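I have placed the structure first, in the form of structure tokens, so that the comments after it can refer back to it.
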Amino acid sequence: MFAEIDPASQATFISRKLQKKLSLPTYAAPATEIVGLNGAVAAKSTKVCIISLRSSEDPNFNLKLEAYVVEKLTGRLPTYSLSKFWIQI
């Protein structure tokens, strides 16, 4: 299950599987083609949902995002374990 949240992106995406697992309500949206490299249509979406992100450190932080619901975001991805000490935020 995946969601892509990238502050530099033009849009946010969530897989249908994750949207259903989180029981996020969806709303109809105009049919949207998600275009990838070389102008190829990578996916299509006709639904959006609202994702609310909260910080475990700052109770005042709450970010609401509108995400396009797509059937699948990625193929198989490599898995790596990361230590929170490697990432300076």
Side-chain angles (χ1 to χ4, degrees):
M1 292 174 285
F2 294 95
E4 177 195 358
I5 302 165
D6 180 353
S9 263
Q10 294 178 350
T12 298
F13 304 98
I14 187 169
S15 67
R16 185 173 317 282
K17 187 175 181 180
L18 181 56
Q19 171 263 320
K20 286 186 177 199
K21 183 170 180 114
L22 296 175
S23 300
L24 298 171
T26 60
Y27 306 95
T32 303
E33 291 184 338
I34 293 92
V35 178
L37 296 173
N38 295 321
V41 175
K44 293 182 182 179
S45 178
T46 58
K47 297 188 182 297
V48 296
C49 68
I50 304 299
I51 300 173
S52 182
L53 300 178
R54 295 186 182 104
S55 169
S56 60
E57 302 293 322
D58 180 359
N60 297 316
F61 180 83
N62 184 15
L63 179 64
K64 290 189 186 257
L65 301 167
E66 185 177 76
Y68 288 98
V69 180
V70 295
E71 204 53 48
K72 188 174 178 182
L73 279 180
T74 66
R76 292 178 49 98
L77 294 175
T79 303
Y80 297 99
S81 297
L82 294 176
S83 167
K84 68 179 181 178
F85 301 107
W86 296 348
I87 304 170
Q88 297 297 318
I89 298 178

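Keep in mind the model is a prediction, meaning the values are calculated, not measured. Computation of the quantities below employed the complete heavy-atom set of this structure, encompassing side-chain atoms and omitting hydrogens, waters and symmetry-equivalent molecules.
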Inset, instruction - Kindly work out whether a path of hydrophobic side-chain contacts (I/L/V/M/F/W/Y, heavy atoms less than 4.5 Å apart) joins Val48 to Val41. - result: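 Shared cluster, no.
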Minimal non-hydrogen separation, [X] against [Y], with atom names:
X: Lys44; Y: Val70; answer: O-CG1, 4.3 Å
X: Thr12; Y: Glu66; answer: CB-O, 3.8 Å
X: Gln19; Y: Val69; answer: OE1-CG1, 4.0 Å
X: Cys49; Y: Pro25; answer: CB-O, 3.2 Å

Inset, instruction - Report the C-alpha separation of Lys47 and Arg16 in whole Å, then their side-chain angles, then the decisive distance to 0.1 Å, and conclude whether the side-chain contact (heavy atoms from CB on, under 4.5 Å) test is met. - result: CA-CA 10 Å; Lys47 297 188 182 297; Arg16 185 173 317 282; 4.2 Å; yes
Measuring from atom [atom1] of [X] to atom [atom2] of [Y], what distance do you get when rounded to the nearest 0.5 angstrom?
X: Thr32; Y: Phe13; atom1: OG1; atom2: CZ; value: 9.0 Å
X: Thr26; Y: Lys20; atom1: OG1; atom2: NZ; value: 9.0 Å
X: Arg54; Y: Ser56; atom1: CZ; atom2: OG; value: 12.5 Å

Legend entry - Side-chain touch Ile14/Leu24, heavy atoms, less than 4.5 angstrom: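 Ile14 vs Leu24: side chains touch.
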Tell me which donor-acceptor pairs under 3.5 Å the side chains of residues 57-65 have, and how far apart each pair is, sequence neighbours excluded?
unit_1	atom_1	unit_2	atom_2	d
Asp58	OD1	Asn60	N	2.9
Asn62	OD1	Ser52	OG	2.7

